[in-house]
Amino acid sequence: MTQIYLHNTLKQRKDLFVPIDEKNVRMYVCGPTVYDKAHLGNAKTPVVYDVLYRLLCYVYGKDHVTYVSNITDVDDKILNKHKQTGKPIQEITQETYNWYIEDMAKLNVLSPNYRPRATEYIQEMIELVKKLIENGHAYESQGQVLFDVDSMPNYGYLSNRSMKEMIAGARVEVADYKKNPADFILWKPSEADQPGWDSPWGYGRPGWHLECSAMSSKLLGNDFDIHGGGSDLIFPHHENELAQSCCAYPGTHFAKYWVHTGMLMINGVKMSKSLGNFYTVDEILAKNPAEALRLLFLTTHYHQPFNFTFEGLNEAKKILDKFYNALLKNEDIPVQKAEPSQKIIEALADDLNTPLALSYIHEDVNALNKAETPEERKTLKAQLLADAYMLGLLYNNPSSWFKRTDDDSSEIDALVQKRLEAKKNKDWATADAIRNDLKEKGIVLEDGPDGTTWKRI
RNA sequence: GGCCGGUUGGCAGAAUGGCUUAUGCAGAGGACUGCAAAUCCUUUUAUAUCGGUUCAAUUCCGGUACCGGCCUCCA
């Protein structure tokens with residue numbers, strides 16, 4: 001069986017992945033808060049875990065992997081959106097959820113086994129808080145329930161920070177209802193016009209971290225294999241999830257492997273609305289193929305910061321043009337089932353080395369382009385597609401890759417026909433004029449042994 | 001201030017204690033083509049800096065500089 005290595009934040013190094021139960025490999029990845037359209041960073045993380053999910057399915061079998069990615073649909077950001085727009089909360093969350101699912105589909109992200117919503121697990125969260133109070137890890141103060149960090153001697157071990165440092169940071173919210181400034185909210189009261197649920201502590205709503213503890217426990221158990229998310233979540237979100245879960249269920253360890261993806265930057269700086277370099281997935285995909293964005297995400301190792309540039313996106317598109325050219329030339333060859341090559345698997349098993357894996361896809365494409373016999377083509381095409389599947393690439397139809405839905409084929413075909421006439425008469429001036437006119441419209445003509453074909457580049 | 005990560009050719013981006021250090025884009029030359037495009041062949045260019053360990057370091061260790069992230073909501 002393939003040995004998978006993953007960078008484990010708990011150990012701050014690469015770690016051999018040994019599932020708790022290889023018949024039931026379990027992964028939980030923090031999903032979006034549904035208050036606004038997904039931005040590029042929101043898309044990069046699920047693409048990365050999609051590759052990991054594909055790898056786990058390959059190694060352990062699809063039926064032996066459970067992948068959970070949550071939807072946060074109760075949060076103050078949603079509340080703020082409601083205040084700003086006047087739109088009902090339900091509408092905001094549902095609409096944003098739908099956009100997110102559309103984006104994920106375009107990026108060829110496989111559906112997780114579960115996409116639980118926080119609001120569907122309120123009872124579980126209340127139970128969790130009760131347990132924490134019972135176990136002496138939480139206390140009520142001025143209508144809120146807080147986690148008592150002093151009750152957990154090793155609090156801070158995931159993010160590798162000590163209480164001293166956190167207080168020295170002096171940016172921790174100091175509030176008189178907290179015993180320790182680092183204590184965080186488990187449950188807080190809601191106004192009558194705010195979303196809330198009845199609880200032993202009155203009408204209120206959960207703190208941010210609670211849902212992941214409750215949902216992962218319910219869907220995956222108290223101990224599971226992989227917990228993922230962006231590296232910005234390590235503290236405080238994941239640290240606090242870990243604290244809640246371990247303290248609520250003594251003797252359990254929560255996630256065994258913590259995997260974090262590097263942040264996305266735009267032209268070398270952090271993406272932020274105030275800097276004006278903020279891009280939603282939606283607006284990028286309006287003008288660029290989703291597959292190019294997906295490929296671009298995979299050109300950098302997931303653990304590194306990822307620098308988004310439009311040059312990079314164009315380069316990704318050109319690479320796909322090359323890949324689809326090879327497939328287009330072999331469109332008549334029937335698709336054969338094949339296993340992914342060992343080197344692709346090895347690259348991915350080594351802490352998801354997608355850049356190295358991509359270099360093997362290039363090798364596959366080069367080999368296919370050089371293939372001479374139909375048998376060779378058949379084998380190499382199958383190999384390419386099987387390898388690309390592991391990265392979730394080459395899922396488009398090769399001929400539609402080079403066309404646009406609004407292209408008027410008959411008009412272009414007529415021009416091609418006209419040019420063929422000119423060529424027959426050796427009227428090169430007319431022939432070239434037609435070629436150049438089309439080129440200006442982004443259409444490239446290719447003269448081959450079987451006639452002329454056109455592509456949109 | 002604390003904690004983390006990074007610095008590889010014109011650009012993107014892997015890998016590695018020694019051997020010809022990937023892969024892609026761009027550039028150069030060639031084949032093919034009426035000309036192109038696509039494809040194929042050939043090819044130029046790199047390991048921030050200073051020390052240490054070592055027979056040997058881009059790779060290991062330490063210092064310095066610079067960049068980024070987190071410490072507050074964030075994928």
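Here is how names work: the chains are called A, B, and so on, in the same order as the sequence lines, proteins then strands, and each is numbered from 1.
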With rounding to the closest Å, how many angstrom separate the [atom1] atoms on [N] and [M]?
| N | M | atom1 | value |
| --- | --- | --- | --- |
| B/G51 | B/A15 | P | 28 Å |
| B/G29 | B/G34 | C1' | 22 Å |
| B/A48 | B/C41 | P | 32 Å |
| B/G17 | B/U72 | C1' | 44 Å |
| B/G10 | B/U43 | C1' | 16 Å |
| B/A65 | B/A75 | P | 34 Å |
| B/G24 | B/A46 | C1' | 16 Å |
| B/C67 | B/C55 | C1' | 36 Å |

Length of the [atom1]-[atom2] vector between [X] and [N], whole Å:
| X | N | atom1 | atom2 | result |
| --- | --- | --- | --- | --- |
| A/K370 | B/U42 | NZ | C1' | 12 Å |
| A/L320 | B/A12 | CG | P | 20 Å |
| A/N366 | B/U39 | CG | C1' | 10 Å |
| A/K317 | B/G24 | NZ | P | 19 Å |
| A/E346 | B/A14 | CD | C1' | 15 Å |
| A/E239 | B/C71 | CD | C1' | 12 Å |
| A/R13 | B/G5 | CZ | C1' | 17 Å |
| A/L391 | B/G24 | CG | C1' | 15 Å |

- Message: Any N or O donor-acceptor pair under 3.5 Å from the base of B/C73 to the side chain of A/D75?
- Response: no
Could you tell me if the side chain of [Y] sits less than 4.5 Å from the side chain of [X], heavy atoms only?
| X | Y | result |
| --- | --- | --- |
| A/V281 | A/H39 | no |
| A/V25 | A/Y67 | no |
| A/L6 | A/L52 | yes |

For [N], which nucleotide is its Watson-Crick or G-U wobble mate, given both distances must be under 3.5 Å?
| N | answer |
| --- | --- |
| B/G1 | B/C71 |
| B/C19 | none |
| B/G62 | B/C50 |
| B/A31 | B/U39 |

Consider the side chain of [X], meaning its heavy atoms from C-beta on, and name the nucleotide among [options] that approaches it most closely.
| X | options | result |
| --- | --- | --- |
| A/N42 | B/U39, B/C35, B/A75 | B/A75 |
| A/K322 | B/A75, B/G5, B/C25 | B/C25 |
| A/V444 | B/A37, B/A26, B/A75 | B/A37 |
| A/D447 | B/A38, B/A36, B/C73 | B/A36 |
| A/Q304 | B/G34, B/U23, B/G5 | B/G5 |
| A/N160 | B/C3, B/A38, B/C25 | B/C3 |
| A/K270 | B/A22, B/C25, B/G69 | B/G69 |
| A/P355 | B/A75, B/A14, B/G34 | B/A14 |
| A/F235 | B/G24, B/A75, B/C71 | B/C71 |
| A/I319 | B/G24, B/A14, B/A75 | B/G24 |

Check the phosphate of [N] against [X], side-chain N and O only, distance under 4.0 Å to OP1 or OP2. Yes or no?
| X | N | answer |
| --- | --- | --- |
| A/S231 | B/C4 | no |
| A/N307 | B/A12 | no |
| A/N353 | B/A15 | yes |

Under 6.0 Å between the ring centres of [X] and [Y]?
| X | Y | value |
| --- | --- | --- |
| A/H238 | A/H260 | yes |
| A/Y257 | A/H227 | no |
| A/Y302 | A/H7 | no |

Which part of the nucleic acid does [X] contact within heavy-atom distance under 4.0 Å: base, sugar-phosphate only, or nothing?
| X | value |
| --- | --- |
| A/H39 | base |
| A/G448 | nothing |
| A/T309 | nothing |
| A/G41 | base |
| A/N325 | sugar-phosphate |
| A/T299 | sugar-phosphate |
| A/L233 | sugar-phosphate |
| A/E363 | nothing |
| A/L264 | base |
| A/G312 | nothing |

- Query: Closest approach of A/N396 and A/Y324, non-hydrogen atoms and distance?
  - Reply: N-OH, 2.9 Å
- Note on the structure: Residue pair A/H362/A/W428 against RNA chain B: nearer the 5' end by closest nucleotide is A/H362
- For RNA chain B, whose closest nucleotide is more 5', that of A/D432 or that of A/L356? A/L356
- Query: Pick from A/Y28, A/Y157, A/F224: which one makes a ring pair (Phe, Tyr, Trp, His ring centres under 6.0 Å) with A/F254?
  - Reply: A/F224
- Do A/K441 and A/D437 sit within salt-bridge range, that is, some charged N less than 4.0 Å from a carboxylate O? no
